[in-house]
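Please read the structure below before turning to the comments.
Protein chains get the first letters and strands the later ones, always in sequence-line order, with residue 1 at the start of each.
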Amino acid sequence: MHIIALVKQTPDTAKLSKTVGGMQLLADGQPRIVNPWDEYAIEVALQLKEKHGGRKVTALTLGKPESVEALRTALAMGVDEAVHICDPLLNEADTLTTARALAAAIGKLGGADVIVAGRSAIDGGDGATAVQVATLLDLPMLGYVAQLHGIANRRISVTRAMEYGRETVSAELPVVMSVLKEIAEPRYPTFMGIRKAAKATITTWTLAGLELHPVAPALTWVAAPPAQRESQIEWLQGTPAEMATALVDRLFAAKAL
Amino acid sequence: MTNILFFVELTNDAVEGISWEALAAANVLAAGSGGAVIAVMIGHDLTAAAEAAAQRGAGAVHGFTTPEPFSYLLEPTARILAEAVRTHNPLAVVFGASQRGLELSASLAARIDAGLAADCTEVARDGATITVVRPALVGNVSARVTFASDKPAVLSVRKRVFAAPAADGTRTAPITLTPAAPASLASRTVIESLAPKNMEEVSLTDARIVVSGGRAVGGAAGFAPVKALADALGGALGSSRAAVDAGWIPYAHQVGQTGKTVQPDVYIACGISGAIQHLAGMKSSKLIVAINKDAEAPIFKFAHLGLVGDINQILPAITAEVKKRVA
Ligand SMILES: Cc1cc2nc3c(=O)[nH]c(=O)nc-3n(C[C@H](O)[C@H](O)[C@H](O)COP(=O)(O)OP(=O)(O)OC[C@H]3O[C@@H](n4cnc5c(N)ncnc54)[C@H](O)[C@@H]3O)c2cc1C
Ligand SMILES: Nc1ncnc2c1ncn2[C@@H]1O[C@H](COP(=O)(O)O)[C@@H](O)[C@H]1O
């Protein structure tokens, strides 16, 4: 069984503070991390290998040259191989362009039995990429997976945590899935892992290497600081009972009650 | 190519309210274009849902009917939607950004080779060019997305941003019901079981009012007065990560960067300092109320109403006042 974990490098939003805003954090040279949701994807991929007789786990990233660091983290956590799709033509890639390149790389890797992604990328994709990879590869997509029950006779059974309830579904491998935080606790890189990761060779593919032709993305976007709210605070004062009366008055006035 | 499609999300043939928020955004895109706003839906018995769409103001309804009761599955739904897009050749396809809407819009965009913008908070059209605004980097950046005009724009709108148009019982619209082709209903994913949500429980992301507790509640038992206020207001119970990490409340209640994003009419933060990661999940709420004993707490920079004091005294007072006034 070959398992591929889709890993994205994102800005380190823990560095956001009163003085460091989103625009600053997007700029080149700012701290980058493995997309926090993808740590769960890496963990699940490793557990699939350990518990369900996997052959190897490959971490796959599309991103700028510095994204190799995300792959080194994945290697330090224990993945066997890492592949980096890197091409200046992909700098402005939208989710579909990204998904096309990821799908082509998965094909070039000889396919996989399970492809695991995170819930979403914190820099803003809302979980589209994995669904699009599944659609392009014509594979079943198991999204929002909160629990992995197991694989028997090449059928995988999982529980999806959905707004309308917890839905248990099954599908025959190969599948793509996206996982939620409650599925497992990601392991820390080990000392040995970090040493191994530092020495590992990481395969890099360009668009040409994937035999893909650049296509203009179907959309373009520009980032701007979020609109500042002009919130003028009103302080409600007095005893707790007086504050409570004033607050309930405001809730009625705002038609919230 | 001036029509706008919007997806009507059904559960057992009953319409999910977020569908009308998608309709509201579709109306914005269609305004002044001469194109129609067309409701697209998939289900077993669509009579009621189709009529409801007409009453809410859809210009036309195209329903795909299934021979058996239809449980939502991504693969057949996306396949049928792609068919609907080929039939109507719309300028845009609008979804509500529910989990289903998010995955469907992504799959549809890949099937029809179109651009995708998820969780939009503003939508606009200039001629054939569609522009939307969507938050990125957990709300710390606002991205303005412009779609190429040679393909339909596929987008989902953030919950509770667009106001659902009211129903008008006198309104009608042409309704077309087409049986879904059996082949298009095939799915390789099989639903084994569904444990539906406890209906008593108000979902955090759908709630009109959210009351959240932070580290200041001091323990699992300390959430009782927070929950009592949420219940009295008919709202949902939220929390900061500090309270979740301490094990006082399940993760499902966490609001913020690594939890849920909420946008209620009223957000009441009880003993929450207002860290940027918490703000990321609630700062777009329409009315923010902060209760904190520290008048310098950062949450007050974002709050509309500030109450300085001890939550243990203030919360019971508010709950009592609400019960008195709404009874
Ligand atoms: C990568 C990352 C992701 C994160 N994601 C999230 C997230 O999704 N959601 C989230 O919430 N946090 C998140 N955090 C954590 C966040 O940075 C804060 O640590 C957390 O929000 C603090 O929770 P708090 O406000 O409840 O606690 P504190 O910061 O300890 O604040 C408690 C507040 O209660 C007040 N107080 C104390 N006693 C009383 C009383 N009796 N009456 C009234 N007021 C009182 C204090 O004045 C203080 O302001 C994240 C952090 C990181 C690094
Ligand atoms: N550039 C990328 N390289 C590798 N994986 C990605 C990339 N972008 C997104 N993914 C995967 O797809 C998931 C959802 O991302 P998104 O659609 O951007 O929210 C992420 O959690 C990753 O697992």
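Across all non-hydrogen atoms, the minimal contact from A:A218 to B:G115 is CB-N, 3.2 Å. Closest approach of B:L74 to A:M141, counting heavy atoms only: CD2-CB, 3.7 Å. Counting all heavy atoms, side chain and backbone alike, B:L137 lies closest to A:P11 at CD1-CG, 3.7 Å. When all heavy atoms of B:S107 and A:T135 are compared, the pair lying nearest together is OG-OG1, 2.9 Å. In plain terms, the two heavy atoms of A:A223 and B:V141 that are nearest each other are CB-CG1, 3.5 Å. Contact record, A:V248 with B:E321: CG2-CG, 3.5 Å, taken as the closest heavy-atom pair.
With a 4.5 Å cut-off on non-hydrogen atoms, A:S178 does not touch chain B at all. The parts of B:D113 that come within reach of chain A are both its backbone and its side chain, each placing non-hydrogen atoms under 4.5 angstrom from that chain. Of the two parts of A:A216, neither the backbone nor the side chain holds a non-hydrogen atom closer than 4.5 Å to a non-hydrogen atom of chain B. Only the side chain of B:V266 comes within contact range of chain A, with at least one heavy atom under 4.5 Å from a heavy atom of that chain. Residue contact with chain B, scored on non-hydrogen atoms closer than 4.5 Å, is absent for A:P36. Proximity to chain A involves both the backbone and the side chain of B:V308, based on heavy atoms less than 4.5 angstrom apart. Heavy atoms of B:I276 lying under 4.5 Å from chain A belong exclusively to its side chain. Of the two parts of B:Y251, only the side chain, counted from C-beta on, holds a non-hydrogen atom closer than 4.5 Å to a non-hydrogen atom of chain A. Both the backbone and the side chain of A:T245 come within less than 4.5 Å of a heavy atom in chain B. Heavy atoms of A:A256 lying under 4.5 Å from chain B belong to its backbone as well as its side chain. Both the backbone and the side chain of B:T189 come within contact range of chain A, judged by heavy atoms closer than 4.5 Å. Using a 4.5 Å cut-off between heavy atoms, A:L236 contacts chain B through both its backbone and its side chain. For a residue to count as touching a neighbouring chain, one of its non-hydrogen atoms must lie under 4.5 Å from one of that chain's; by this rule B:A114 touches chain A with the backbone only.
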- Passes side-chain contact (heavy atoms from CB on, under 4.5 Å), B:L233 versus A:L257? Steps please. CA-CA 8 Å; B:L233 292 168; A:L257 284 177; 3.7 Å; yes
- Task: Assess whether side-chain hydrogen bond (donor to acceptor under 3.5 Å, both in side chains) is satisfied between A:T13 and B:Q257, documenting all intermediate values.
- Result: CA-CA 9 Å; A:T13 53; B:Q257 180 188 324; 2.4 Å; yes
- Task: Apply side-chain contact (heavy atoms from CB on, under 4.5 Å) to B:I191 and A:T168, showing your working.
- Result: CA-CA 6 Å; B:I191 300 173; A:T168 301; over 6 Å; no
- Message: Walk me through whether B:V133 and A:W221 qualify under side-chain contact (heavy atoms from CB on, under 4.5 Å).
- Response: CA-CA 9 Å; B:V133 173; A:W221 65 286; over 6 Å; no
- Could you give me the CA-CA distance, side-chain angles and deciding distance for B:F302 and A:I233, then say whether side-chain contact (heavy atoms from CB on, under 4.5 Å) is met? CA-CA 8 Å; B:F302 288 82; A:I233 190 162; over 6 Å; no
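B:D265 contributes atom CG, which lies 12.0 Å from atom NZ of A:K255 (distance to the nearest 0.5 angstrom). For the atom pair B:Q313 CD and A:T239 OG1, the distance stands at 10.0 Å (nearest 0.5 Å). Rounded to the nearest 0.5 angstrom, B:S203 OG and A:E163 CD are separated by 6.5 Å. Interatomic distance, OG1 of B:T258 versus CD1 of A:I122, reported as 9.5 Å (0.5 Å rounding). Note that the CD1 atom of B:I209 and the CG atom of A:L251 stand 6.5 Å from one another [nearest 0.5 Å]. A:L142 contributes atom CG, which lies 10.5 Å from atom CZ of B:R188 (distance to the nearest 0.5 angstrom).
The most heavy-atom pairs under 4.5 Å with chain B, out of A:L96, A:T159, A:T129, A:L136, come from A:L96. Between chain B and the residues A:R119, A:E182, A:R250, A:R160, the largest count of heavy-atom pairs under 4.5 Å involves A:R160. Per-residue heavy-atom pair counts under 4.5 Å with chain B were compared for A:V175, A:L139, A:V215, and the maximum is reached by A:L139. Interface summary for chain A: among B:I318, B:V326, B:I291, the most heavy-atom pairs under 4.5 angstrom belong to B:I318. The candidate from B:E16, B:Q99, B:R100 with the greatest count of non-hydrogen atom pairs under 4.5 Å with chain A is B:Q99. In terms of heavy-atom pairs under 4.5 Å with chain B, the best-connected choice from A:L25, A:D94, A:T95, A:L26 is A:L26. Options A:S170, A:P240, A:A246 differ in how many heavy-atom pairs under 4.5 Å they form with chain B, and the most are formed by A:S170. Of the listed residues (B:A78, B:S193, B:A97, B:A118), the one with the most heavy-atom contacts under 4.5 Å to chain A is B:S193. For the options B:L279, B:V190, B:I314, heavy-atom pairs under 4.5 Å to chain A are most numerous at B:V190. Contacts with chain A were tallied for B:A109, B:A252, B:A110; B:A110 has the most, counting heavy-atom pairs under 4.5 Å. Most heavy-atom pairs under 4.5 Å with chain B, from the set A:A99, A:A128, A:A224, A:A241: that is A:A224.
Other residues, nucleotides and ligands contribute only 12 or fewer heavy atoms inside 6.0 Å of the CD atom of A:E92. Shown here is A:F252, whose CZ atom has more than 12 heavy atoms of other residues, nucleotides or ligands within 6.0 Å. Heavy atoms of other residues, nucleotides or ligands lying less than 6.0 angstrom from CG of B:D294 number more than 12.
A salt bridge is absent between B:R111 and A:D138: the closest approach of a Lys/Arg side-chain nitrogen to an acidic carboxylate oxygen does not fall below 4.0 angstrom.
Sorted by first and then second residue, the side chain to side chain donor-acceptor pair (under 3.5 Å) pairs involving residues 134-148 of chain B (not counting sequence neighbours) are A:D126-B:R134.
Side-chain atoms of A:Q132 and B:L116, non-hydrogen and from C-beta on, do get closer than 4.5 Å to each other. Between B:L305 and A:L247 the shortest side-chain heavy-atom distance falls below 4.5 Å.
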